[in-house]
Amino acid sequence: MLRQVRATVSFVVVAFLLIAEGVLDARADSKLPDPLKASVAQQLFRLDCGRSLANDESVWTPGQNVGVSIEFSSTCWLIRHGKDWLLWDTGVPEATFGDTRGWSTLPKLIVYHLDKTLTAQLAELGLKRDDVTRVAISHTHGDHIGNVSLFSNSTILMQRAEYNWIHSPDGPNDNVNQLMALARKLMGTPKNLQLIDGDTDIFGDGSVILVSTPGHTPGSQALLVHLKNSGFIILSGDVAHLEGNFEKSIVPSLNTNKPESIASMERIRQLIETYKATLFINHDKKQSDKLKLLPAFYD
């Protein structure tokens with residue numbers, strides 16, 4: 001009992017120091033929850049949303065492993081919060097399922113394959129697409145928004161900066177321009193689009209928080225999820241693609257802003273410390289293969 005009291009006191013002291021340093025904003029209007037008062041979501045499911053093979057790892061690790069192929073995972077997450085279901089990212093387009101040629105966002109660089117459809121995985125839980133009340137997207141690259149159009153009755157949550165970016169003029173990087181054009185096509189014009197600015201408490205109780213992490217794209221975001229038994233979990237989006245990139249602040253060449261990318265990785269490190277959180281890195285196949293997969297879940 002004494003040890004538990006000391007641990008609680010230590011946690012409060014750390015939180016107080018982080019507040020003083022500006023890491024955790026504890027004002028009444030803060031979108032980041034008090035780690036001691038945050039409510040919880042009930043379940044967190046990992047969905048297999050594709051796998052990919054890239055022919056040059058150095059695009060994601062500049063200066064290292066030039067010309068070496070690398071396999072990535074693509075992961076979606078489903079969160080049950082009371083009677084609501086929230087889907088985080090929608091993965092590779094379902095039309096890719098069964099196509100041995102695969103699908104690509106950048107054909108000269110990377111090819112995606114799909115072993116399970118999102119619709120079929122939802123059905124394993126007895127759910128239909130219309131049961132998903134909200135779809136939050138980490139950013140608008142095609143392997144993250146490939147099935148947004150399937151959720152026409154869901155509220156689509158994305159950063160306003162991301163929406164404005166994909167509708168802006170082309171820049172100097174042709175690969176990035178291709179990704180923007182594909183994003184406009186895949187996003188279409190959702191009838192229930194909710195544009196947000198910065199950190200956002202989705203359910204208003206501190207259980208599921210969108211965390212602004214610009215850099216990979218101008219409106220990239222991560223997701224902070226609080227569960228009763230698993231504690232706080234951070235779903236990375238693409239703030240980092242590999243554990244080594246996150247540890248060493250390595251920025252992929254496709255990112256739109258290097259300083260912002262580094263700052264966002266540092267912000268996630270601070271949140272890990274503040275909330276004693278676990279980070280799940282979306283594209284790190286080595287890590288993803290060890291995580292629970294639907295119908296198993298975190299709670």
- Message: The criterion is side-chain contact (heavy atoms from CB on, under 4.5 Å); which residues satisfy it with Ile166, sequence neighbours excluded?
- Response: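 Residues passing side-chain contact (heavy atoms from CB on, under 4.5 Å) with Ile166: Thr140, Ala183, Arg184, Met187.
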
- Taking side-chain contact (heavy atoms from CB on, under 4.5 Å) as the test, write out the residues that go with Ser104, two or more places apart.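 Result, side-chain contact (heavy atoms from CB on, under 4.5 Å) vs Ser104: Pro107, Ile110.
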
- Taking ring-ring contact (aromatic ring centres under 6.0 Å, His included) as the test, write out the residues that go with Tyr298, two or more places apart.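 With sequence neighbours excluded, Tyr298 shows a ring-ring contact (aromatic ring centres under 6.0 Å, His included) to Phe280, given in chain and number order.
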
- Query: Quick one: ring-ring contact (aromatic ring centres under 6.0 Å, His included) partners of Trp165, sequence neighbours excluded?
  - Reply: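 Testing Trp165 for ring-ring contact (aromatic ring centres under 6.0 Å, His included), a comparison that skips the adjacent residues, returns none.
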
Strictly distance-based, threshold 3.5 Å: is any side-chain N or O of [X] a donor or acceptor partner for the main-chain N or O of [Y]?
X      : Y      : value
Asp89  : Trp77  : no
Ser73  : Ser288 : no
Gln159 : Gly219 : no
Asp56  : Gly67  : yes
Asn147 : Leu150 : no
Glu162 : Ile137 : no
Thr96  : Pro93  : yes
Gln121 : Thr117 : yes
Asn255 : Lys258 : no

- Query: So Leu179 and Thr105, side-chain contact (heavy atoms from CB on, under 4.5 Å) or not? Walk me through it.
  - Reply: CA-CA 7 Å; Leu179 293 172; Thr105 53; 3.8 Å; yes

- Query: With a distance cut-off below 6.0 Å to the six-membered ring centre and an angular limit of 45° from the axis, does Arg269 pair with Phe246 as a cation-pi contact?
  - Reply: yes

- Exceeds 12 heavy-atom contacts within 6.0 angstrom, atom NZ of Lys292: yes

- Task: Return yes when atom CZ of Phe203 has more than 12 non-hydrogen atoms of other residues, nucleotides or ligands closer than 6.0 Å, and no otherwise.
- Result: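 Count over threshold, so yes.
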
Which distance, rounded to the nearest 0.5 Å, do you find between the [atom1] of [X] and the [atom2] of [Y]?
X      : Y      : atom1 : atom2 : result
Phe232 : Leu227 : CZ    : CG    : 9.5 Å
Glu94  : Thr90  : CD    : OG1   : 9.0 Å
Cys49  : Tyr112 : SG    : OH    : 12.5 Å
Ile145 : Lys185 : CD1   : NZ    : 11.5 Å
Gln42  : Ile79  : CD    : CD1   : 11.0 Å
Ile281 : Lys286 : CD1   : NZ    : 11.5 Å

Side chains of [X] and [Y]: closer than 4.5 Å at any heavy-atom pair?
X      : Y      : answer
Met158 : Leu195 : yes
Pro259 : Asn257 : yes
Ser264 : Pro214 : yes
Asn192 : Ile156 : no
Ile202 : Leu210 : yes
Ile70  : Phe72  : yes
Pro33  : Tyr275 : yes
Thr75  : Asp48  : no

Minimum heavy-atom separation for [X] to [Y], with atom names?
X      : Y      : value
Pro62  : Ser253 : CG-N, 4.0 Å
Val135 : Ser154 : CG2-CB, 3.9 Å
Leu186 : Gly142 : CD1-CA, 3.6 Å
Leu271 : Ala277 : O-CB, 4.3 Å
Pro218 : Ala161 : O-CB, 3.8 Å

Are [Y] and [X] linked, directly or through intermediate hydrophobic residues, by side-chain heavy-atom contacts shorter than 4.5 Å (ILVMFWY only)?
X      : Y      : result
Ile233 : Val239 : no
Leu223 : Ile272 : no
Val208 : Leu32  : no
Leu157 : Trp88  : yes
Leu182 : Val176 : yes

Selection [range] - residue pairs positive for side-chain hydrogen bond (donor to acceptor under 3.5 Å, both in side chains), sequence neighbours left out:
range            : result
residues 123-132 : Thr119-Arg129, Asp130-Asn153
residues 60-72   : Glu57-Asn65
residues 198-213 : His81-Asp205, His81-Ser207, Asp199-Arg267, Asp205-Ser207
residues 224-245 : His139-Asp238, His144-Asp238, His216-Asp238, Asn229-Asp299, Asp238-His241, Asp238-His283

- Item | Selection residues 168-189 - residue pairs positive for ring-ring contact (aromatic ring centres under 6.0 Å, His included), sequence neighbours left out |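 Sorted pair list comes back empty.
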
- Task: Go through Asp115 and Phe97 one step at a time and tell me if the side-chain contact (heavy atoms from CB on, under 4.5 Å) criterion holds.
- Result: CA-CA 6 Å; Asp115 300 316; Phe97 180 69; 5.7 Å; no

- Not counting sequence neighbours, which residues clear salt bridge (Lys or Arg N to Asp or Glu O under 4.0 Å) with Lys116? List them please.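 Partners of Lys116 by the salt bridge (Lys or Arg N to Asp or Glu O under 4.0 Å) criterion come out as none, since no residue qualifies.
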
- Listed by chain and number, what are the salt bridge (Lys or Arg N to Asp or Glu O under 4.0 Å) partners of Arg134, not counting sequence neighbours?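 Salt bridge (Lys or Arg N to Asp or Glu O under 4.0 Å) check on Arg134 returns Asp84.
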
- Message: Starting from Leu53 and following side-chain heavy-atom contacts under 4.5 Å between hydrophobic residues (I, L, V, M, F, W, Y), which residues can be reached?
- Response: none

- Salt bridge or not for Arg101 and Asp99, using N-O below 4.0 Å?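 Judged by the 4.0 Å cut-off on N to carboxylate O distance, Arg101 and Asp99 do form a salt bridge.
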
- Message: For Leu294 and Arg46: C-alpha separation, side-chain torsions, deciding distance, then whether side-chain contact (heavy atoms from CB on, under 4.5 Å) applies.
- Response: CA-CA 6 Å; Leu294 178 152; Arg46 178 172 74 93; over 6 Å; no

- Kindly determine whether Leu293 and Leu47 satisfy side-chain contact (heavy atoms from CB on, under 4.5 Å), including the steps that lead there. CA-CA 6 Å; Leu293 183 66; Leu47 287 71; 5.7 Å; no

